[in-house]
Amino acid sequence: MVLSRGWAVFLIGVGVWTWAIWPRFALAIWRDPRSWSAGVVGEWPATGFLWVHALLIGASLAIGTAVGLLGVRGWRASRAGMR
């Protein structure tokens with residue numbers, strides 16, 4: 001199956017969007033006092049709030065990367081088919 005160029009661009013955009021949004025969210029979670037048992041940023045141990053969000057952020061970045069790479073592969077395949 002070959003993706004259309006439009007869908008390939010959409011998937012690449014999703015991958016870029018994921019990497020633009022989630023790292024900023026990770027910083028916000030890191031700086032949130034609810035992430036730390038002492039209520040002071042960086043004072044270990046971390047709370048479940050931090051760990052759950054870290055897992056969600058990691059999963060989202062992995063999925064976004066996979067989707068973006070599929071878009072790149074689709075773009076390359078559509079270009080190869082045009083020759």
Side-chain angles (χ1 to χ4, degrees):
M1 177 180 169
V2 177
L3 291 174
S4 69
R5 293 182 92 176
W7 281 110
V9 168
F10 174 76
L11 293 177
I12 293 168
V14 169
V16 169
W17 175 260
T18 298
W19 277 95
I21 295 301
W22 285 105
R24 293 183 59 165
F25 184 67
L27 284 175
I29 293 299
W30 182 267
R31 294 175 181 155
D32 193 317
R34 294 175 291 178
S35 296
W36 309 101
S37 61
V40 178
V41 175
E43 287 290 321
W44 291 89
T47 64
F49 179 82
L50 177 75
W51 293 117
V52 167
H53 283 88
L55 180 66
L56 291 171
I57 292 164
S60 295
L61 288 173
I63 292 167
T65 300
V67 167
L69 290 174
L70 288 173
V72 169
R73 289 185 68 191
W75 176 266
R76 287 182 178 167
S78 70
R79 289 183 60 203
M82 296 177 82
R83 294 180 185 168

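Computed from heavy atoms alone, side chains included, the values below leave out hydrogens, waters and symmetry copies. All residue numbers in this chain count up from 1 along the given sequence.
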Exercise for the section: State, yes or no, whether a side-chain contact exists between Ser60 and Ile21 at a heavy-atom distance under 4.5 Å. Expected result: no

Problem - Side-chain H-bond candidate by donor/acceptor type, Thr65 with Trp19, under 3.5 Å - result: yes

Practice task
Might you work through the side-chain contact (heavy atoms from CB on, under 4.5 Å) test for Thr18 and Ile63, ending with a clear yes or no?
Solution key: CA-CA 9 Å; Thr18 298; Ile63 292 167; over 6 Å; no

Problem - Donor-acceptor contact present, side-chain Ser78 to main-chain Arg5, <3.5 Å - result: no

Exercise for the section: Please say whether more than 12 non-hydrogen atoms of neighbouring residues, nucleotides or ligands are located less than 6.0 Å from CZ in Phe10. Expected result: no

Handout entry: Gap between atom CG of Leu50 and atom CD1 of Ile57 - 0.5 Å precision
Key = 8.0 Å

Completion exercise
Separation between CZ (Phe25) and CG (Leu56), nearest 0.5 Å, reads 8.0 Å

Exercise for the section: Examine Val14 and Trp7 and state if one hydrophobic cluster contains both, with Ile, Leu, Val, Met, Phe, Trp and Tyr joined whenever side-chain heavy atoms are less than 4.5 Å apart. Expected result: yes

Handout entry: Interatomic distance, Trp75 atom CH2 to Ile12 atom CD1 [nearest 0.5 angstrom]
Key = 7.0 Å

Handout entry: Nearest atoms (heavy-atom pairs only) where Ala8 meets Gly74
Key = CB-C, 3.9 Å

Handout entry: Ser35 side-chain N/O to Ile29 backbone N/O, donor-acceptor pair under 3.5 Å
Key = yes

Practice task
Output yes when a side-chain donor or acceptor of Ser37 lies under 3.5 Å from a complementary backbone atom of Thr47, and no otherwise.
Solution key: no

Exercise for the section: Taking the six-membered ring for Trp and the single ring otherwise, decide whether the centroids of Trp30 and Trp36 are under 6.0 Å apart. Expected result: yes

Practice task
Using the rule that two of Ile, Leu, Val, Met, Phe, Trp, Tyr join whenever any of their side-chain heavy atoms come within less than 4.5 Å, decide whether Leu27 and Trp22 are in one cluster.
Solution key: no

